[in-house]
Amino acid sequence: MRALFDVLLVGLLVWIAIGSVSQRKLFKSVVMFTAFGLFLSLAWVRLGSPDVALAEAAIGAGVTGALLLDAVGHMRSRVTPYPSPASAERRDADA
Amino acid sequence: MSTYLIYAVGGALIFSIGTYALLAQRHIMHKVIGANIMGSGIFMVLIALGKRTPDGVTDPVPQAMVLTGIVVTVALTALGLSIAKRYYTLTGLDDLDQDPPACDGR
Amino acid sequence: MRDRIRVVPLVAAIALFAIISSTVLDLPRESAGLSEEMIGGAAAIHVNNVVTAVLLDFRGYDTLLEISVLMLATVAVLSLRDPRLGTRRRLTGTADLILRSLGEAVTPIMMVVAGYLVWVGSTKPGGAFQAGAVLGAGGILLALTGWVRPSWARHSVIRLVLSVGLLAFIAVSVTPILAGRTLLDYSDDMRHIVLLILESILTLSIGASMLSLFLASASGGEEDEEAS
């Protein structure tokens, strides 16, 4: 019974890991990665290390998720790239 | 099959998934997530191997190492993402297989 | 196009999986590792949570270097800030009611949880890293509600808190050398109080570091119109 739970948990982790790096939608990737962190902290509890589980839940799912979501928002927001006329001139001169 | 083997082999699988993503995916965010997943897989192998003690109490040394590693991983992620954002701001690209406009050989 | 399977990375990944899992299967099924020594050592210094004892005492060198890595990464992220972003920026320009109420309700609880985690760190699961992470996450939540501005990453108080963790750790680890012992060899009568103070300082420092990592790289948000 316990072995079944372990196999299911590891299978789920592998599946979420594959999903989070193969999603075309970045937002979905990040959400899946956050879910990965949460299930991973469950795995740490099963492996008898509650200290690591606490850190994983707070850092892996919390702080890393916030950082990743912020980056996705940044890349989606179509910020104006630095126009930097100097570099454009340099490029034209190189050509 | 004992518990530790399930997690150790699963950790190896998760590590190789992360490696593939880091090497093969082109989007920066997928690479960063892949690096994170690689780390998680290795942590899983470490802790699972620490669970082989006769009394079943997980070895505290791998636990402490993984705890250290988790914090270092978040530093890696933050640094990687801020470089990625800067790259995006400068070039407008989020795909590492494309050359930025400044060096496209024109 | 983006989903095309690439052969070389795939072969590399499968080879890595084969190598790691065969190594794991080759290892003896039972191995005490270092746990007996560590549990005995922790009992000798009266710390019930063996992981905390390993982190701060037996392998304090690792933790010292780790705090340095965290500091360096924070400095690097701070130096990569987008210089065009102003100091009056908040991450939420419009007051999002649900987010604000959540932040107001949850942040005090998170602070209490962080304090609890430091306090129980020597007997139960918990300690500086977990508490620092909770503290940092609370700070990030406050930043998302607009209470904490991204420009705080450059504030001198945050910088001071950020660096004081590493400085305190260096001071604590070097003091035994001045007393004629080796690095990180705390004396027994001072050990508990020194470790508790060190853990508290490290918690604040790690929390500040997490918050700065987020604030320094946070993009978006709106400039505050009103002068304050």
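Each chain gets a letter, A, B and so on, in the order the sequences are listed, and its residues count up from 1. Here the structure is a predicted model, which is why all the values come from computation and not from measurement.
Note on A:Ser49, A:Ala43, A:Gly37, A:Ser20: by heavy-atom pairs under 4.5 Å with chain B, the leading option is A:Ser49. Your options are A:Leu68, A:Leu40, A:Val63, and the one with the most heavy-atom pairs under 4.5 Å with chain B is A:Leu68. Residue with the most contacts toward chain B among A:Gly11, A:Ala55, A:Ser29: A:Ser29 (heavy-atom pairs, distance under 4.5 Å). Heavy-atom pairs under 4.5 Å with chain B peak, among A:Thr64, A:Val7, A:Val14, A:Leu13, at A:Val14. Top candidate by heavy-atom pairs under 4.5 Å with chain A, chosen from B:Val74, B:Ile28, B:Ile47, is B:Ile47. Put simply, of B:Thr77, B:Asn36, B:Val66, the one with the most heavy-atom pairs under 4.5 Å next to chain A is B:Asn36.
The closest donor-acceptor contact from the side chain of B:His30 to the backbone of A:Gln23 lies under 3.5 Å. Using modelled atom types, no side-chain atom of B:Gln63 and backbone atom of A:Asp51 make a donor-acceptor pair closer than 3.5 Å.
Only the side chain of A:Val10 comes within contact range of chain B, with at least one heavy atom under 4.5 Å from a heavy atom of that chain. Contact of B:Ile33 with chain A is made through backbone and side chain together, with heavy-atom distances under 4.5 Å. For B:Val57, no part sits under 4.5 Å from any heavy atom of chain A, backbone or side chain. Only the side chain of B:Leu13 has a heavy atom closer than 4.5 Å to any heavy atom of chain A. Neither the backbone nor the side chain of A:Leu54 comes within less than 4.5 Å of any heavy atom of chain B. In this structure, the portions of A:Ile18 lying under 4.5 Å from any heavy atom of chain B include both its backbone and its side chain. Heavy-atom distances place both the backbone and the side chain of A:Arg46 under 4.5 Å from chain B. Proximity to chain A involves both the backbone and the side chain of B:Lys85, based on heavy atoms less than 4.5 angstrom apart.
Residue B:Gln25 comes nearest to A:Ser22 through the heavy atom pair NE2-CA, 3.6 Å, listed as atom of the first residue, atom of the second, then distance. Taking all atoms of both residues into account, the shortest heavy-atom contact from B:Thr58 to A:Gly48 is OG1-O, 3.4 Å.
Taken to the nearest 0.5 Å, the CE atom of A:Met32 stands 9.5 Å off from the CD1 atom of B:Ile37. Interatomic distance, A:Leu47 CG to B:Phe43 CZ, rounded to the nearest 0.5 Å: 14.0 Å. The distance from atom CZ of A:Phe39 to atom OG of B:Ser40, rounded to the nearest 0.5 Å, is 14.5 Å. From B:Ile17, atom CD1 reaches atom CD1 of A:Ile16 across 11.0 Å, with rounding to the nearest 0.5 Å.
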query: Could you go step by step and tell me if A:Arg2 and B:Thr3 meet the side chain to side chain contact (heavy atoms under 4.5 Å, CB included) rule?
result: CA-CA 8 Å; A:Arg2 284 189 161 188; B:Thr3 309; over 6 Å; no
query: Could you go step by step and tell me if B:Leu81 and A:His74 meet the side chain to side chain contact (heavy atoms under 4.5 Å, CB included) rule?
result: CA-CA 10 Å; B:Leu81 285 177; A:His74 179 82; over 6 Å; no
